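Everything on this sheet refers to the single structure shown next.
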Amino acid sequence: MSAWDWDYYYYVRRYRHGEWLHVLVGALLVLAAGLSWLYSAQLSALGLALDGSLFVLAFLVHEMAHKFSAIHYGYHAEFRLQTWGAVLTAISVVIPFFKIIAPGATVIYGPDDRYLMGRTAAWGPATNIAMGAVEMALSYAIPSLQYYLSVAAYVNAFIAFFNLIPLGILDGLKVLRWRKSVWGLMFLVSIIMLAASLMAVP
């Protein structure tokens, strides 16, 4: 394969439908599943609107962090819906005790460089940790919104924690392969944030 063929394979769009459509459908599925979970917690209309928006933002920021970090490192990256993930997320909307919210993933094309793949993988949960920390701080600064912001912080902490589990296609395995110390620190922080956000809920 020539250098031109390599670039063509990795950088030219390889899907029929535009990425924006996959992102839109994914965001709507996440919103629906998130609202069904938040509604079961008997949140007010304000709480549903605020936490529903922050729920979708946590999903979008996570995936776009993967996408733009991959582009920065010279890869081609697109968010794509994945059939089983979308189906399970849709089922999660209607079944109160079953919540798997993972409609798709950012697909990255390029050489399997352990260093670059690890750094790209780390950016997703890192953004959720940062968002959760900000929401935790705001929950104490704005007492009237403490409950809602604590719930939003919990969602971000859980997304970070779950994705850092070093199994299968999750981010954690790529980060662990790249640098164990970075994975260990991020995983520990996500656990601490998970516990802190739960304790912060009034």
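Quick caveat: nothing in here was measured; it's all calculated off a predicted structure.
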Q: Go through the side-chain N and O atoms of His62 and Asn156 and say whether any donor and acceptor fall under 3.5 Å apart.
A: no
Q | Heavy-atom check, side chain of Val151 versus side chain of Leu38, under 4.5 Å | A | yes
Q | Shortest non-hydrogen contact from Ala65 toward Thr127 | A | CB-CG2, 3.5 Å
Q. Taking the side chain as C-beta and beyond, is there a heavy-atom pair between Pro125 and His66 under 4.5 Å?
A. yes
Q) Same hydrophobic cluster for Leu24 and Leu31, using side-chain heavy-atom links shorter than 4.5 Å among ILVMFWY? A) yes
(Q) With a 4.5 Å cut-off on side-chain heavy atoms, are Val23 and Leu81 touching? (A) no
**Q.** Atom pair CG/CG of Asp51 and Leu35 - distance to nearest 0.5 Å
**A.** 9.5 Å
Q) Closest approach of Gln82 and Ala105, non-hydrogen atoms and distance? A) NE2-CB, 3.8 Å
Q. Ala160 and Asn128: which non-hydrogen atoms are nearest, and at how many Å?
A. CB-CB, 4.1 Å
**Q.** Pair Tyr115 and Tyr73, ring centroids less than 6.0 Å apart
**A.** no
Q: Scan side-chain atoms only and decide if Ser139 and Gln146 contain a donor-acceptor pair under the 3.5 Å cut-off.
A: no
**Q.** salt bridge (charged side-chain N to carboxylate O under 4.0 Å, His left out) between Asp112 and Arg177, intermediate numbers included
**A.** CA-CA 11 Å; Asp112 185 16; Arg177 287 176 58 205; 3.8 Å; yes
Q. What distance do Leu167 atom CG and Leu176 atom CG have between them, rounded to the nearest 0.5 Å?
A. 10.0 Å
Q) Any side-chain donor-acceptor pair under 3.5 Å between Lys99 and Ser36? A) yes
(Q) Measuring from atom CH2 of Trp178 to atom CZ of Arg119, what distance do you get when rounded to the nearest 0.5 angstrom? (A) 5.0 Å
Q: Under the side-chain contact (heavy atoms from CB on, under 4.5 Å) rule, what do Phe79 and Lys67 come out as? Steps first, then yes or no, please.
A: CA-CA 7 Å; Phe79 176 81; Lys67 175 181 173 68; over 6 Å; no
Q. Do the non-hydrogen side-chain atoms of Val182 and Val175 ever get within less than 4.5 Å of each other?
A. yes
Q. Checking side-chain contact (heavy atoms from CB on, under 4.5 Å) for the pair Ser44/Tyr148: CA distance, chi angles, key distance, verdict?
A. CA-CA 10 Å; Ser44 66; Tyr148 308 129; 2.8 Å; yes
Q) Is the backbone N or O of Thr106 less than 3.5 Å from a side-chain atom of Glu63, with the two atoms forming a donor-acceptor pair by type? A) yes
Q.
For residues Val134 and Val56: do they belong to one hydrophobic cluster (side chain heavy atoms under 4.5 Å, members Ile, Leu, Val, Met, Phe, Trp, Tyr)?
A. yes
Q: Find the distance between CG (Leu194) and CD1 (Ile159) and round it off to the nearest 0.5 Å.
A: 11.0 Å
Q) Mind checking whether Phe68 and Leu60 sit in one hydrophobic cluster, side chains of I, L, V, M, F, W, Y counted as touching below 4.5 Å? A) yes
Q.
Contact between Ile91 and Ile100 at the side-chain level, heavy atoms closer than 4.5 Å - yes or no?
A. no
Q. With Pro103, which of Val87, Val25, Val30 fulfils side-chain contact (heavy atoms from CB on, under 4.5 Å)?
A. Val30
Q: Identify, with sequence neighbours excluded, every residue that meets salt bridge (charged side-chain N to carboxylate O under 4.0 Å, His left out) alongside Arg179.
A: none
Q.
Nearest 0.5 angstrom please: Glu78 CD to Glu19 CD, how far?
A. 5.5 Å
Q.
Let me confirm one number: the CE-CD1 distance from Met186 to Ile129, rounded to the nearest 0.5 Å.
A. 4.5 Å
Q) Which heavy-atom pair separates Ala77 from Ile108 by the least distance, and what is that distance? A) CB-CG1, 4.1 Å
**Q.** Cluster check Leu188, Phe162: I/L/V/M/F/W/Y, side chain < 4.5 angstrom
**A.** no
Q) Is there a path from Leu198 to Ile192 through hydrophobic residues (I, L, V, M, F, W, Y) whose side chains come within less than 4.5 Å of each other? A) no
Q | Nearest non-hydrogen partners of Ala102 and Thr89, listed with the distance | A | N-OG1, 3.0 Å
Q.
Minimum heavy-atom separation for Ile165 and Leu170, please, with both atom names.
A. O-CB, 3.5 Å
**Q.** side-chain hydrogen bond (donor to acceptor under 3.5 Å, both in side chains) pairs, two or more places apart, involving residues 183-194
**A.** none
Q: Would you check if the side chain of Lys174 reaches a backbone N or O of Ile169 as a donor-acceptor pair within less than 3.5 Å?
A: yes
(Q) Less than 4.5 Å apart, side chain to side chain, heavy atoms only: is that true for Ser197 and Met136? (A) yes
Q. Do the side chain of Glu135 and the main chain of Ala153 share a donor and acceptor less than 3.5 angstrom apart?
A. yes
**Q.** Within 6.0 angstrom of Trp123 CH2, more than 12 heavy atoms from elsewhere
**A.** no
Q: With side-chain contact (heavy atoms from CB on, under 4.5 Å) as the test, would you mind laying out the steps for Phe55 and Ile101 before giving the verdict?
A: CA-CA 11 Å; Phe55 204 104; Ile101 305 176; 3.5 Å; yes
Q: Using a 4.5 Å cut-off on heavy atoms from C-beta on, say whether the side chain of Leu57 contacts that of Met131.
A: yes
Q | Residue pair Asp113 / Tyr75, side-chain heavy-atom distance below 4.5 Å | A | yes
Q) Passes side-chain contact (heavy atoms from CB on, under 4.5 Å), Thr120 versus Asp171? Steps please. A) CA-CA 9 Å; Thr120 298; Asp171 299 328; over 6 Å; no
